[in-house]
Amino acid sequence: MQAFQDFYPENVAHCYGCGRLNADGHQIKTFWDGDETVTRFQPKPEHTAIPGFVYGGLLASLIDCHCTGTAAAAMYRAENRAMDSLPAFRFVTGSLQVSYLKPTPLGPQLEIRGRVKEIKGRKVVVEATLYAEGVATARGEVVALQMPDSFTA
Ligand SMILES: CCCCCCCC(=O)SCCNC(=O)CCNC(=O)[C@H](O)C(C)(C)COP(=O)(O)OP(=O)(O)OC[C@H]1O[C@@H](n2cnc3c(N)ncnc32)[C@H](O)[C@@H]1OP(=O)(O)O
């Protein structure tokens, strides 16, 4: 099954968090699961904050790109369109808020689950919760805006 990020056109597929063409990036993959979206990610030893625990900046990055991908998919879904249909919906981050609820253990695969809170014009608000072994360790919210033309080189 193709992930949301697999549909990003080449010129926007280099994002450090989600670009499939960024060999050094996280290359996250997000899918629908009913009305929620899900991303699974395996942190590496270099993603350490304090030994044994995941760096919060990585968690913010995962939440960020999970939510911008969700925003794009939600917009297609709202218009009952396939993700490879044109014109393409691409979203960037207007704001990213993250709360760290508990230390996130380094070792288990992480799961980020998202839910669309609001779609209004060019704006989609997405909330997400990050789990380690079923325990919610971080929660976030992204205000995603349709990417302005000025972003494309
Ligand atoms: C596509 C694949 C790549 C994936 C990217 C992954 C995530 C990223 O790292 S993106 C990079 C980081 N983000 C950026 O660099 C964005 C820089 N900022 C911008 O370009 C602009 O400020 C941008 C696009 C966010 C908003 O500008 P613009 O589209 O003109 O917004 P505007 O028309 O004023 O506002 C529209 C709505 O969004 C809201 N909004 C605008 N900016 C923000 C913001 N920064 N925070 C919260 N809400 C905002 C407005 O309040 C308004 O809401 P409402 O309709 O309810 O009144």
Side-chain angles (χ1 to χ4, degrees), residues 1-44 46-49 54-101 104 106 109-132 136-153:
M1 186 174 33
Q2 282 183 291
F4 303 162
Q5 293 84 7
D6 294 329
F7 292 101
Y8 292 180
E10 274 193 22
N11 65 338
V12 290
H14 294 85
C15 172
Y16 186 68
C18 57
R20 69 182 180 283
L21 301 179
N22 189 329
D24 297 319
H26 301 313
Q27 298 194 4
I28 70 159
K29 301 287 182 196
T30 308
F31 304 89
W32 284 113
D33 181 13
D35 285 339
E36 292 190 343
T37 54
V38 62
T39 299
R40 296 189 176 87
F41 186 84
Q42 179 60 59
K44 298 178 185 154
E46 63 263 34
H47 297 139
T48 295
V54 182
Y55 173 55
L58 172 73
L59 304 178
S61 177
L62 298 176
I63 288 172
D64 186 5
C65 283
H66 174 90
C67 290
T68 50
T70 296
M75 209 64 151
Y76 282 105
R77 203 178 237 200
E79 295 202 352
N80 204 18
R81 283 175 45 196
M83 285 198 74
D84 57 359
S85 63
L86 296 172
F89 286 124
R90 307 295 160 220
F91 281 81
V92 294
T93 314
S95 72
L96 165 66
Q97 177 274 325
V98 180
S99 298
Y100 299 98
L101 309 175
T104 300
L106 182 63
Q109 186 185 65
L110 305 179
E111 182 175 275
I112 303 104
R113 301 193 73 87
R115 189 172 278 277
V116 178
K117 211 170 147 184
E118 182 188 2
I119 299 181
K120 182 186 174 207
R122 300 171 45 249
K123 178 176 88 170
V124 181
V125 183
V126 182
E127 54 189 9
T129 305
L130 183 143
Y131 299 89
T137 62
R139 189 167 291 139
E141 184 172 296
V142 166
V143 178
L145 281 304
Q146 274 186 54
M147 189 175 84
D149 291 340
S150 55
F151 263 91
T152 46

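Numbering of ligands and ligand atoms starts at 1, following listing order. Only heavy atoms go into these numbers, but all of them, side chains included; no hydrogens, no water, no symmetry mates.
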Out of Lys120, Gln5, Arg90, indicate the one that has the non-hydrogen atom closest to atom 1 (C) of ligand 1.
Arg90

Going by the order shown, which atoms of ligand 1 are within less than 4.0 Å of some heavy atom of Tyr8?
2 (C)

Counting heavy atoms not belonging to Tyr76, are there more than 12 under 6.0 Å from its OH?
yes

Looking at ligand 1, is there an atom of it that comes within less than 4.0 Å of some heavy atom belonging to Gly17?
no

Show me the side-chain donor-acceptor pairs of residues 117-131 shorter than 3.5 Å, one per line, residues at least two apart or across chains.
| from | atom 1 | to | atom 2 | distance (Å) |
| --- | --- | --- | --- | --- |
| Lys117 | NZ | Glu141 | OE1 | 2.7 |
| Arg122 | NH2 | Gln146 | O | 3.2 |

Look at atom CZ of Arg113 and say whether more than 12 heavy atoms of other residues, nucleotides or ligands are closer to it than 6.0 Å.
yes

Look at atom 33 (O) of ligand 1 and say whether a protein heavy atom is found at less than 4.0 angstrom from it.
yes

Ranked by distance from atom 9 (O) of ligand 1, the top protein heavy atom is Asp64 OD2, 3.9 Å

At their closest point, which heavy atom of Pro9 faces which heavy atom of Arg90, and how far apart are they?
CD-NE, 2.9 Å

Students should be able to answer this: which protein heavy-atom is nearest to atom 37 (C) of ligand 1, and at what distance?
Leu145 CD1, 3.7 Å

Which pair of non-hydrogen atoms, one from Phe91 and one from Phe89, has the smallest distance, and what is that distance?
CE1-CB, 4.0 Å

Less than 4.0 Å between atom 11 (C) of ligand 1 and some protein heavy atom, yes or no?
no

Identify the heavy atoms of Cys18 and Tyr8 that sit nearest to each other, and give their distance.
SG-CE1, 3.8 Å

Need the ligand 1 atom indices (1-based, order shown) with element for anything under 4.0 Å from a heavy-atom of Gly94.
25 (C), 44 (C), 45 (N), 46 (N)

Among non-hydrogen protein atoms, atom 29 (O) of ligand 1 lies closest to Arg122 NH2, 2.6 Å

Sorted by chain and number, sequence neighbours left out, salt bridge (charged side-chain N to carboxylate O under 4.0 Å, His left out) with Asp84 holds for none

Among all protein non-hydrogen atoms, which one is nearest to atom 24 (C) of ligand 1, and what is the separation to 0.1 Å?
Pro148 CG, 3.6 Å

Mind checking whether Phe41 and His47 have parallel, tilted or perpendicular rings, split at 30° and 60°?
tilted

Regarding atom 2 (C) of ligand 1: of the candidates Val12, Thr93, Asn11, which has the closest heavy atom?
Val12

Which residue holds the protein heavy atom closest to atom 48 (N) of ligand 1, what is that atom called, and what is the gap in Å?
Val143 CG1, 3.5 Å

May I ask you to test the His26-Ser61 pair for a side-chain heavy-atom distance under 4.5 Å?
yes

Where do Thr30 and Ile28 come nearest, in terms of heavy atoms and distance?
OG1-CD1, 3.9 Å

Taking everything shown except Glu10 itself, do over 12 heavy atoms lie less than 6.0 Å from its CD?
no

Specify whether the nearest protein heavy atom to atom 46 (N) of ligand 1 is under 4.0 angstrom away.
yes

Is atom 50 (C) of ligand 1 touching the protein, meaning some protein heavy atom lies under 4.0 Å away?
no

Heavy atom of the protein closest to atom 53 (O) of ligand 1 (residue, atom name, distance):
Lys123 NZ, 3.5 Å

Kindly give the heavy-atom pair with the smallest separation between Ala132 and Thr137, and that separation in Å.
CB-CG2, 4.3 Å

Test item, Phe151 contacting ligand 1 (heavy atom, 4.0 angstrom):
yes

At under 4.0 Å between heavy atoms, what of Phe91 touches ligand 1? The answer is backbone

Contacting atoms of ligand 1, where contact means under 4.0 angstrom from a heavy atom of Val92
10 (S)

Non-hydrogen protein atom less than 4.0 angstrom from atom 27 (O) of ligand 1:
no

